[in-house]
Amino acid sequence: MTDDLLVRPPAHALLADGTTVCIRPVTSGDHGRLRDFYDAMSPENLRMRFFGASRRSAVMAADRACAPARPGYRALLAEAQGRVLGLAEYEAVGEQHTAEISVAVADGVHHRGVGTLLVEHLVSAARADGITAFAADALSENREILRLFADLGLRTARHFEGPEMRCTIQLDEDDSYLSAVEERGRAADVASLRPLLCPESVAVVGAGRKAGSVGRAILHHLHSGGYTRRLFAVNPAADSILGVPSYPSVAALPVTPDLVVVAVPAATVPEAAEKCGRAGVRALLVVTAGLDAEQAQALLAACRTHGMRLVGPNCLGISHTDPALRLDATFAADHPRPGTAGVAVQSGGVGIALLDGLSRLGIGVSSFVSLGDKFDVSGNDMLQWWESDGRTELALLHLESFGNPRAFSRTARRVSRRMPVLTVDAGRTDAGRRAAASHTAAAATQTMTRGALFTQAGITATRSVSELLEAAALLHSQPLPTGGRVVIVTNAGGAGVLAADACAEAGLSLPTPTPQLIDDLLAVLPEGAAVGNPVDATAAVSEAQLTDCVDRLMRYDGVDAIVVALVPTAVATATGDDLVRALTSAPGRRAKPVLAVRLEQDLPVRLLPAADDGTVPAYAEPQAAARALAHAADRAAWLARPAGTVPELDSIDTDRAHAIADTYLAAHPDGGWLDPRACADLLACYGIPQIPWAWAETEDEAVHAAEWLRGADGRVVLKAHWPGLVHKSEEHAVRLDLRGEAQVRDAYRDLATRFSGLMTGVVVQPLAERGTELFAGVVQDEVFGPLVLFGLGGTATEVLADHAARLAPLTDHDVHDLITSPRCAPLLLGTRGNGPVDLEALEQLLLRLSRMAADLPQLAEADFNPVLAAPGGTTVLDARVRLLPRRPQDPYLRRLR
């Protein structure tokens, strides 16, 4: 029996076939069930587990698993609907951080991933306990257990000992292991979603006989949409509704439906879910809103107990437009147009807007899920579905919350390599809001945290539904640009100026044409044309001339995209020319994106049909075109850069760091700010460079420290300290530029007098050399994990809030982006005669800060301000660290929310 029932509650997870099991610690009350588990095993299964068919070994195994908790031993079982499917356990041996592991799986459930799932959970628990390796003995003929160990994704060594095989498994959490877990999770997730998104039969519970109910509307949509499989209504007062056969209960249906739509009052939802589970239903869609906490808990418990996947509650519904299925279980006004965009939203209103917009553009929808309150199925689930469905080419998300952002980020990074993933960044802070960034937690806004997630995962984040559709239109219809260099062509000078302003404001560049290009374009454009950037082709330009102009720009290496701003003129009308046709005549032959801006257009964005069945996006506003093109350029840059790696760091003492944290929290159970000595010790564990300093609790100690630490010019600094002090400058708790004993004594007396009863001592430091003052910090977000911030430091950090942020652990690319993203970045590269700072040292500092945050879940906040960056290195001048009593959480452990 384990000792962590409270901190490791039962977890539900998916097996390889998509069914749900509960993984939980063994308790003393499980003894009889474990005896039954072993009694039901075949002699062959017992022999493989115990190297013999002795029932006595099984009894001893049950006794061991259910014995009182003891250090170094853990046992987990997998169960489904009261039946034990598997048991895995480990026991630490010796002092080498190694544990002996054993696994047993019930007859009839082999090859479904029970053992693998149990071992994954044991691996997570073992790491938290400081175990670094598993060892296991197995009969050499036990191919199943040997294959399980080999396929985990962990480094495994084997050697024979007679008829037995000795396996040693290293528990390092590297990318190979995470990728293996991720792939197993993806396959299981997709299998679990099939009854939801590709059901062979659907029943609607709550479809009324009279018009006006949501259930009836969904039943009508399913029926009128031409759902190709079996469809039923559940209503005890009707034999048929809308021509669909009706039955009094789910249990009375002629077949057990894969999917049941629940549209009944909130008070009856839990009962309806329980009845569905008992009948063997595999998936629920609950559109009902207004469930209270007790009803919500009962609904989710029914789904977990009976292994049903759940969409909702409080949602618009789901749709899968595959012509072989035609599932439309929504109450939207119209059926979505079949297409290639996968859509998942939390807001039903946003969902309706996206369905309408995608249908109008002609992109259409592959599958649509309104997540609602998102009790179970999430955006992460849908990304994995779209990755595997063979139909989706574009993923659109609207997420107001994240259940497991780090797992979502890994999935999104992988999926984004295959298709564009776009989102509306919902819940942003007010425009123009600046954080009072005097410490890291204050600087870290939700907008900054979500932005870091989206940037690192390659997600295109937009600020509105309209911007999302604008970007989707371009990414759907055009090749990606290889850069941000844009040439604007127009038949009206004013329209060209507006487009040029929009492109510049979006961060795109407008290169000046070369003399050769100018000559080439003037040769095909009408007299009076001006070839700059924009290219003013004049109102006299013909369709043929504009086509030649665009084609020549396509062959020019100095441009990545072409924006053509057109206005209707009487000249074109008189000649019968169609200037738009110059853009749509042969887009399939074009390797660079072409966008149209048509100021008279009634809709914000259209996709113009082209001669080769392609499309060209046309925007009513040049700002919309420029934004979409900037998003495409950002995606191209993200794809062109290889995936980053987390660099190896030397001089790291993780054990010592954990000891410092544990010692502090033992003395301060509620957490708090480390004192300067403990803070310096913690930074030293990670090789983070600090300015020399000394601690003084008396005036004489301060004088002696100043004598020892004084710089080349003899000047020192005194900083008062007391528990909880955060803003030293605001409290006027710092005395600078002190020379000689008299000034040090005077400064100490001043601090001691002003902060009498508070001050516990002073930190004495030499006055720092000149350099660029920076800010570096980390905050442990409860949901997103550690977030690393970097930017301009000193007192300016509170005024300018010039910060960038990335989620830890930082890769080499993340560190580069952190350093180059703030507005102060040019100061680091050298300006006005000053040389560049030591960028490699700065990168090392950020990587070590990231590692510290990743190692210590207790680290709630770290604040380095200022960090002095100079050509000769980087030094932390002032550091504060706050700890809270937190246990490690494994964000990559396979489990349902």
Side-chain angles (χ1 to χ4, degrees), residues 1-2 4-6 8-42 45-46 49 55 58-59 61-67 74-89 102-122 125 188 191-192 195 249-251 256-258 260 269-284 294 296-310 375-376 894-897:
M1 183 176 65
T2 62
D4 62 350
L5 291 176
L6 295 178
R8 285 188 179 272
H12 290 85
L14 297 172
L15 297 180
D17 60 0
T19 56
T20 303
V21 295
C22 177
I23 307 292
R24 65 170 178 82
V26 175
T27 70
S28 58
D30 291 318
H31 192 275
R33 300 174 71 238
L34 287 180
R35 287 285 303 274
D36 293 341
F37 166 70
Y38 284 120
D39 286 344
M41 279 189 182
S42 66
N45 200 357
L46 285 172
R49 167 63 183 88
R55 295 290 173 181
V59 173
D63 291 344
R64 181 176 63 253
C66 297
R74 291 181 184 269
L76 299 177
L77 61 77
E79 64 180 353
Q81 299 186 13
R83 180 193 174 197
V84 177
L85 303 183
L87 173 71
E89 53 195 323
S102 63
V103 183
V105 176
D107 290 356
V109 294
H110 289 265
H111 310 295
R112 292 174 56 189
V114 175
T116 301
L117 187 59
L118 279 167
V119 172
E120 287 179 15
H121 280 252
L122 270 190
S192 76
S249 67
V250 172
T256 300
D258 284 338
V260 170
V269 165
E271 180 185 5
E274 181 64 27
K275 289 179 178 179
C276 289
R278 290 176 182 172
V281 172
R282 296 287 305 280
L284 290 186
E294 183 178 352
Q297 184 178 11
L299 167 62
L300 187 57
C303 290
R304 292 291 177 257
T305 298
H306 299 289
M308 297 182 291
R309 296 306 308 264
L310 168 66
F375 281 14
D376 177 23
R894 283 200 285 154
R895 57 190 164 197
L896 296 170
R897 59 173 63 223

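It should be emphasised that the depicted structure is a prediction, and the values quoted were computed from it without experimental measurement.
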Non-hydrogen side-chain atoms of [X] and [Y] separated by less than 4.5 Å:
X: V250; Y: K275; result: no
X: P10; Y: I23; result: no
X: L122; Y: L76; result: yes
X: R894; Y: E120; result: yes
X: L85; Y: V21; result: yes
X: D36; Y: V84; result: no
X: C276; Y: M308; result: yes
X: C303; Y: L299; result: yes

Does the D258 side chain pair with the main chain of V281, one donor and one acceptor, at a distance under 3.5 Å?
no
Whether the side chain of D376 engages the backbone of L310 through a donor-acceptor N/O pair (distance < 3.5 Å, no angle test) should be reported.
yes
Kindly give the heavy-atom pair with the smallest separation between [X] and [Y], and that separation in Å.
X: A11; Y: R895; value: CB-CB, 4.1 Å
X: V114; Y: A78; value: CG1-CB, 4.0 Å
X: R304; Y: L896; value: NH2-CB, 3.6 Å
X: Y38; Y: A61; value: OH-CB, 3.6 Å
X: S192; Y: L14; value: OG-CD1, 3.5 Å
X: A62; Y: H31; value: O-CD2, 3.7 Å

Salt bridge check: are [X] and [Y] linked by an N-O gap of less than 4.0 Å?
X: R24; Y: D30; value: yes
X: R49; Y: E89; value: yes
X: R278; Y: E274; value: yes

Just wondering, are more than 12 heavy atoms of other shown residues or ligands nearer than 6.0 Å to CD in Q297?
no
Regarding R112 and T19, do their side chains bring together a donor and an acceptor under 3.5 Å, going by distance alone?
yes
